[in-house]
2 protein chains.
Amino acid sequence: MSTAISTDINASRGHDAKRRSIVEAAASVFCREGFGGANIDMIAAEAGVSRQTIYNHHGDKESLFTFVLSELTERMNTGIFRVLGTFPENPVDLQAELTAFAVRMFENCVCNRDGKFLRKLIQSEGDRYPELFATWLRDGPARTTSGLAARFARLALQGLLDITDPDVAARQFMALVRADLEPGLTVGMNACGAEVEKSAANGVKAFLRIYGKRHPPSTS
Amino acid sequence: MSTAISTDINASRGHDAKRRSIVEAAASVFCREGFGGANIDMIAAEAGVSRQTIYNHHGDKESLFTFVLSELTERMNTGIFRVLGTFPENPVDLQAELTAFAVRMFENCVCNRDGKFLRKLIQSEGDRYPELFATWLRDGPARTTSGLAARFARLALQGLLDITDPDVAARQFMALVRADLEPGLTVGMNACGAEVEKSAANGVKAFLRIYGKRHPPSTS
DNA sequence: ATATTTTTAGACGCAGTTGTCAAAATCGTC
DNA sequence: GACGATTTTGACAACTGCGTCTAAAAATAT
């Protein structure tokens with residue numbers, strides 16, 4: 001029994017290393033060349049394994065592709081929810097903390113390697129795999145929006161924001177903090193740090209002009 | 001001379017009809033399959049012409065692709081600037097007119113067939129053709145933003161808006177009116193009329209809470 | 001050290017694609 | 001109806017890529 005377990009664990013050392021490098025390489029090549037343009041030899045070369053190993057692990061090109069897609073989706077989602085957990089719950093400087101939150105969201109989810117790959121793969125091949133696409137949509141953006149909405153609702157209850165529809169507010173928040181990065185984001189470019197911070201700052205400022213509590217009119 | 005000209009013109013009747021149908025079909029197939037996945041036979045079949053005709057017109061697959069891309073870019077840009085010309089200059093109901101403007105922009109540029117195709121082609125193959133991509137970026141989104149910014153600046157001068165940076169305002173306008181349509185737009189779906197109007201209305205309302213003139217505080 | 005599993009390398013058949021060619025068919029015009 | 005231009009058809013060679021197979025090599029477990 002214990003032997004069987006240790007066998008499993010040990011066998012998966014180099015094994016899983018190859019598995020991972022295959023996924024990385026496949027993501028990169030599929031992303032660069034599209035599903036139709038990618039070929040297994042490229043992926044094998046980039047992964048540093050033989051072509052046969054890829055076939056051993058994943059059967060065929062299509063299976064490899066769907067595996068890569070679901071892998072990236074899962075990774076991305078865990079990242080998103082980890083960052084969602086850092087949403088300012090009891091802010092003292094709402095503007096600064098929302099901006100920092102937005103920057104975290106970008107750097108860890110939207111603008112990193114996985115985010116770029118996933119975005120492009122969904123964009124270019126989403127039609128071909130409706131199930132994977134639906135999964136991504138349901139577990140990713142949809143839950144992100146509602147998670148964000150819930151947190152904005154909480155802030156509204158605390159009297160820090162003036163929100164009627166939290167879902168709309170959440171979508172507008174995402175749209176605003178990325179406004180300055182378009183159309184680069186749409187097109188696969190990854191924004192660098194300074195741009196991200198500027199865009200986030202602009203976006204949050206605008207967001208607070210929409211939903212921030214109006215200062216009671218001082219008798220000036 | 002006149003014969004030569006008339007020959008040219010007449011010869012180009014069915015000729016240009018085929019030219020157009022080739023471009024349409026190529027756009028559709030490239031968009032669906034990616035450059036690598038598309039093949040000339042598909043395009044020929046969808047265009048209702050023979051494969052040879054495509055080679056006669058465009059030389060090879062790559063030339064056809066770049067031709068399609070520049071054709072779509074040009075079409076899209078003329079559409080955008082036509083709509084930009086309908087921006088409300090002397091609005092009586094700013095919110096309603098901006099909303100209608102946003103809807104026009106979507107229905108004529110972003111959400112129509114060409115818009116969807118161009119977006120997807122730029123997304124998936126933009127890296128491969130840096131020149132075409134740069135042209136698109138420079139003549140399309142960049143000029144759209146600055147054209148929009150100029151018009152917002154005019155409204156600000158008229159005292160109808162309270163804007164400091166018109167470029168930021170323009171980008172935020174675009175981002176807000178499409179906020180409810182994400183991530184569908186990113187992913188190639190075309191929104192239907194009702195969704196577009198709702199999203200535009202929400203976006204414009206938010207935009208005016210950012211940049212609308214504050215009503216002078218009434219002594220309530 | 002040995003047995004077992006995994007990986008590699010190379011060759012292979014097969015199917016699909018590209019781009020070319022020449023002859024036949026079609027179209028528009030006079 | 002005859003003419004010139006365009007399009008179609010079908011065949012072609014060269015190439016590429018997928019997926020399979022086998023024997024050798026390497027890694028791993030016992």
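All figures in this text were calculated on a predicted structure; none of them were measured in a lab. Letters A, B, ... are given to chains in the order of the sequence lines, protein chains preceding strands, and every chain is numbered from 1.
- The nucleotide whose nearest atom lies closest to any side-chain atom of A:D41 is, among C:dG19, D:dC18, C:dT8, D:dC18.
- Which of C:dT8, C:dA11, C:dT20 sits closest to the side chain of A:R51 comes down to C:dA11.
- Backbone-only engagement by B:A38 is indicated by non-hydrogen atom pairs under 4.0 Å involving sugar-phosphate atoms exclusively.
- Whole-Å rounding puts the B:I54 CD1 to C:dT18 P distance at 10 Å.
- The aromatic rings of B:F67 and B:H58 are tilted relative to each other, their planes meeting at an angle between 30° and 60°.
- Using modelled atom types, one finds a donor on one side chain and an acceptor on the other under 3.5 Å when comparing B:N202 with B:D180.
- Ring geometry for A:F87 versus A:F152: interplanar angle over 60°, hence perpendicular rather than tilted (30 to 60°).
- Taking atom NZ of residue A:K18 and atom C1' of nucleotide C:dT6, one finds them 9 Å apart after rounding to whole Å.
- Taking only side-chain atoms of B:K61, from C-beta outward, the nucleotide of D:dG19, D:dT8, C:dG19 with the closest atom is C:dG19.
- We find that CD of B:Q52 is positioned 8 Å from P of C:dT20, with the value rounded to whole Å.
- For D:dT7, neither phosphate oxygen OP1 nor OP2 lies less than 4.0 angstrom from any side-chain nitrogen or oxygen of B:T53.
- If you take CZ of B:R19 and C1' of D:dT7, they are 14 Å apart, rounded to a whole angstrom.
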Q. What's the verdict on ring pair (Phe, Tyr, Trp, His ring centres under 6.0 Å) for B:F117 and B:F30, showing C-alpha distance, side-chain angles and the deciding distance?
A. CA-CA 9 Å; B:F117 284 178; B:F30 279 135; over 10 Å; no
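- Computed from coordinates, the B:I40 CD1 to C:dG16 P distance equals 17 Å when rounded to whole Å.
- Here the two rings, on B:F173 and B:Y211, have centers that are 6.0 Å apart or farther.
- Contact annotation: B:H57 side-chain N/O to D:dT7 OP1/OP2 distance is under 4.0 Å.
- Nucleotide C:dG19 holds its C1' atom 9 Å from the CG atom of B:D60, rounded to whole Å.
- A:F65 has its CZ atom 17 Å from the C1' atom of D:dC18, to the nearest Å.
- In this structure, A:Y55 atom OH and D:dT22 atom P are separated by 17 Å, rounded to whole Å.
- Within the nucleic acid shown, B:H58 has no heavy atom closer than 4.0 Å to any nucleic acid atom.
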